[in-house]
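Report on one structure; see the data block that follows.
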Amino acid sequence: MRLDKYLKVSRLIKRRTVAKDVCNGDKVSVNHRVVKPSAQVAPDDIITIDMKNRILEVKVLATPAAARAEQAETLYEVLVDKVKDIN
């Protein structure tokens with residue numbers, strides 16, 4: 001599955017266009033390599049998202065084409081969720 005679609009389906013990012021923008025801004029890496037929105041993700045991949053005020057790292061558990069909102073959290077496992085030190 002494409003990275004931008006996975007970020008949307010898993011609800012890590014609300015909209016696919018926002019996911020594309022974040023990926024194009026070199027803020028997302030898969031398995032510790034900065035990637036484009038079209039990069040493929042599969043189970044056991046590690047996705048790291050560098051947000052404005054925090055770092056989120058998740059392990060992909062499943063890549064379904066669609067998922068209900070209540071199923072979204074079952075698609076990944078949070079490995080790191082830390083607030084950035086802005087100072």
Side-chain angles (χ1 to χ4, degrees):
M1 173 181 285
R2 284 176 57 109
L3 174 60
D4 59 344
K5 183 173 181 181
Y6 180 79
L7 293 173
K8 196 269 185 228
V9 169
S10 65
R11 296 186 174 57
L12 289 167
I13 296 180
K14 301 275 187 212
R15 294 186 181 97
R16 191 166 176 181
T17 54
V18 174
K20 282 184 180 183
D21 292 342
V22 171
C23 293
N24 283 328
D26 296 335
K27 299 290 186 182
V28 180
S29 63
V30 175
N31 298 325
H32 307 288
R33 290 181 39 221
V34 175
V35 294
K36 297 295 181 190
S38 60
Q40 294 294 307
V41 294
D44 294 328
D45 283 345
I46 305 296
I47 299 174
T48 306
I49 306 169
D50 184 355
M51 299 177 182
K52 282 184 181 180
N53 59 350
R54 70 182 191 155
I55 301 288
L56 180 63
E57 187 172 273
V58 299
K59 179 179 180 180
V60 177
L61 300 178
T63 56
R68 294 178 178 262
E70 58 271 8
Q71 295 171 319
E73 288 187 10
T74 66
L75 304 180
Y76 59 89
E77 173 187 349
V78 176
L79 302 176
V80 174
D81 186 2
K82 67 179 182 178
V83 175
K84 283 186 188 176
D85 184 19
I86 299 175
N87 295 329

Decide side chain to side chain contact (heavy atoms under 4.5 Å, CB included) for Glu57 and His32; before the verdict, give the C-alpha distance in whole Å, the side-chain angles of both, and the deciding distance to 0.1 Å.
CA-CA 10 Å; Glu57 187 172 273; His32 307 288; 3.9 Å; yes
Same cluster or not: Val60 versus Val78, using hydrophobic residues (I, L, V, M, F, W, Y) connected whenever any side-chain heavy atoms lie under 4.5 Å apart?
yes
Please test Leu61 against Leu75 for side chain to side chain contact (heavy atoms under 4.5 Å, CB included), starting from the C-alpha separation and ending with a verdict.
CA-CA 5 Å; Leu61 300 178; Leu75 304 180; 5.8 Å; no
Measure across Met1 and Gln40 and return the closest heavy-atom pair with its distance rounded to 0.1 Å.
N-OE1, 3.1 Å
Worked check of side chain to side chain contact (heavy atoms under 4.5 Å, CB included) between Lys5 and Arg16
CA-CA 6 Å; Lys5 183 173 181 181; Arg16 191 166 176 181; 3.8 Å; yes
ILVMFWY network linking Val28 to Val18, side-chain heavy atoms under 4.5 angstrom
yes
Between Asp45 and Lys59, is there a salt bridge with N-O shorter than 4.0 Å?
no
Answer whether the closest heavy-atom distance between the side chains of Leu7 and Cys23 falls below 4.5 Å.
yes
Is any side-chain heavy atom of Ser38 closer than 4.5 Å to one of Asp4?
no
More than 12 non-hydrogen atoms from neighbouring residues, nucleotides or ligands closer than 6.0 Å to CZ on Arg11, yes or no?
yes
More than 12 non-hydrogen atoms from neighbouring residues, nucleotides or ligands closer than 6.0 Å to CD on Glu73, yes or no?
no
Quick one: do Met51 and Val58 end up in the same hydrophobic cluster if we chain Ile, Leu, Val, Met, Phe, Trp and Tyr together by side-chain heavy atoms under 4.5 Å apart?
yes
Could you check Arg15, Arg2, Lys8, Lys36 and say which one makes a side-chain contact (heavy atoms from CB on, under 4.5 Å) with Lys20?
Arg2
Smallest separation among heavy atoms of Ala62 and Pro43, with atom names
CA-CG, 4.4 Å
Measuring only between side-chain heavy atoms, which start at C-beta, is Asn53 closer than 4.5 Å to Lys84?
no
Among Leu56, Leu3, Asn31, exactly one meets side-chain contact (heavy atoms from CB on, under 4.5 Å) together with Ile47. Which residue is that?
Leu3
I'd like to know if Ile46 and Val22 are part of one continuous hydrophobic network [Ile/Leu/Val/Met/Phe/Trp/Tyr, side-chain heavy atoms within less than 4.5 Å].
no
Test item: Pro37 and Asn24 side chains (from C-beta on) under 4.5 Å apart, heavy atoms
yes
